[in-house]
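Keep in mind that this is a model prediction, so the values were computed, not measured. Read the numbers this way: they start at 1 and go in the same order the structure lists the ligands and their atoms. Note that these values count all heavy atoms, side chains included, but never hydrogens, waters or copies made by symmetry.
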Amino acid sequence: MGARKEESVCENYTATTDPEKRENTVEAINRLRREKNAVIMAHYYQRDEIQQIADFIGDSLALARKAAETDADIIVMAGVHFMGETAAILCPGKKVLVPDLEAGCSLADSCPADEFAEFVAAHPDHTVISYVNTSAAVKAHTDIVVTSGNARKIIDSLPADEKIIFGPDRNLGDYINRVTGRQMLLWNGCCHVHDRFSLEAVLDMKKEHPGAKILVHPECRRSLQLIADKVGSTAALLDFARNDEAKEFIVVTESGILFEMQRNCPEKVFLPAPAEDAECQCNKCEYMRLNTLEKIRLALEQEAPVVSVDAETARKALRPIKRMLELS
Ligand code: 13P
Ligand code: SF4
């Protein structure tokens with residue numbers, strides 16, 4: 001996994017523009033996935049052209065569930081490294097490929113395993129809950145893994161007086177504390193994309209589009225959660241947009257999700273909220289965007305790069321992931 005990419009991704013986020021090249025790449029991907037019994041799974045934040053050709057698109061929870069049940073020999077995880085690790089832990093007999101191994105995650109990186117282990121050791125009477133956006137090494141120090149799609153349900157299922165450590169996302173942790181009345185101890189981590197959304201910019205948009213509903217991912221700061229019509233995981237936001245009577249939505253999460261929103265509801269208008277950072281207002285995750293069609297083709301051809309987790313870490317990390325799947 002690489003260091004945080006500082007440059008704007010706006011220019012990099014271009015589809016394969018040459019239609020003939022694109023068609024050839026897609027043809028090669030289709031042939032290779034058939035020949036090799038491979039499945040391509042993509043997160044909603046992937047480039048549109050990847051979502052278009054994926055066998056399965058989902059949020060972090062759905063991707064984990066799907067990986068657990070697939071009978072494919074190869075899983076191409078078009079997402080980021082921790083998603084590949086989760087699939088590799090759940091499917092030890094399968095080859096899990098992430099098209100670009102540099103596709104890390106600032107949130108996962110905000111929680112180094114050795115520091116998290118010290119935090120856990122300092123609070124021995126606490127149940128340890130980790131967001132899925134963590135390394136396998138952090139999951140190995142965890143009792144239950146959660147995603148934004150099931151965190152509330154899982155935490156609600158625990159006794160009211162249970163002491164809980166929650167890491168690494170402080171905004172999601174704050175949200176769960178607020179809606180459940182818990183006082184979980186929070187790790188101070190965040191996702192640089194979600195944490196930089198601007199309240200002022202969203203309020204300005206709302207003035208211009210008074211009928212629009214505001215959709216906010218819980219990795220965003222509390223000030224944004226409080227003005228939301230819906231706070232939820234990517235799948236929950238999609239669901240809300242599909243079923244709500246509103247015709248316009250201000251979307252406060254990584255803007256890759258607009259592709260699936262628009263595909264589900266072609267008659268509705270989805271407005272991506274801008275970032276606070278004046279240099280890059282597109283709110284795209286540079287890690288997610290590292291994957292391309294061409295890298296997927298290469299990954300299938302070379303059956304690399306493989307995501308691997310050492311056996312001991314995988315054994316320890318499997319237990320809290322399985323608990324999540326059982327509880328959600
Ligand atoms: P979900 O798809 O679970 O909402 O996760 C959002 C995210 O930030 C993934 O990187
Ligand atoms: Fe990580 Fe944020 Fe990118 Fe999701 S959007 S992969 S949480 S850096």
Would you check if Glu35 and Asn30 make a side-chain contact, meaning some heavy-atom pair closer than 4.5 Å?
no
Would you check if Asn171 and His194 make a side-chain contact, meaning some heavy-atom pair closer than 4.5 Å?
no
Under 4.0 Å to a heavy atom of [X] - the qualifying atoms of ligand 1, by number:
X      : value
Ser148 : 1 (P), 3 (O), 4 (O)
Ser60  : 1 (P), 2 (O), 3 (O), 5 (O), 9 (C)
Ser233 : 4 (O)

Starting from [atom], what is the nearest protein heavy atom, named by residue and atom, and what distance separates them?
atom                    : value
atom 1 (Fe) of ligand 2 : Cys105 SG, 2.4 Å
atom 7 (C) of ligand 1  : Tyr45 CE1, 3.5 Å
atom 8 (O) of ligand 1  : Glu219 OE2, 3.1 Å

Contact partition for [X] relative to ligand 1, non-hydrogen atoms under 4.0 Å:
X      : answer
Tyr44  : neither
Asn133 : side chain
His217 : side chain

Does Met288 reach ligand 1, in the sense of a heavy atom lying below 4.0 Å from it?
yes
May I ask whether Gly149 has any heavy atom positioned less than 4.0 angstrom from an atom of ligand 1?
no
Pairing donors with acceptors under 3.5 angstrom, does anything connect the side chains of [X] and [Y]?
X      : Y      : answer
Tyr45  : Thr253 : yes
Asp73  : Asn37  : yes
His217 : Gln225 : no
Lys284 : Ser255 : yes
Asn177 : Arg182 : no

Please identify which atoms of ligand 2 are closer than 4.0 Å to at least one heavy atom of [X].
X      : answer
Cys191 : 2 (Fe), 5 (S), 7 (S), 8 (S)
Glu219 : 7 (S)
Asn133 : 7 (S)

Any nitrogen or oxygen of His43, main chain or side chain, under 3.5 Å from a nitrogen or oxygen of ligand 1?
yes
Under 3.5 Å between some N or O of ligand 1 and some N or O of Thr234?
yes
For residues His192 and Tyr287, report the shortest heavy-atom separation together with the two atoms involved.
CE1-CE1, 3.7 Å
Which atoms form the tightest heavy-atom contact between Ala228 and Val216, and what is the distance?
CB-CG2, 3.5 Å
For the side chain of Asn243 and the backbone of Asp239, is there at least one donor-acceptor N/O pair under 3.5 Å apart?
yes
Using the six-membered ring of Phe56, assess whether NZ or CZ of Lys66 lies under 6.0 Å from its centre and within 45 degrees of the ring axis.
yes
For atom 3 (Fe) of ligand 2, decide whether Cys285 has an N, O or S atom at a distance under 2.8 Å.
yes
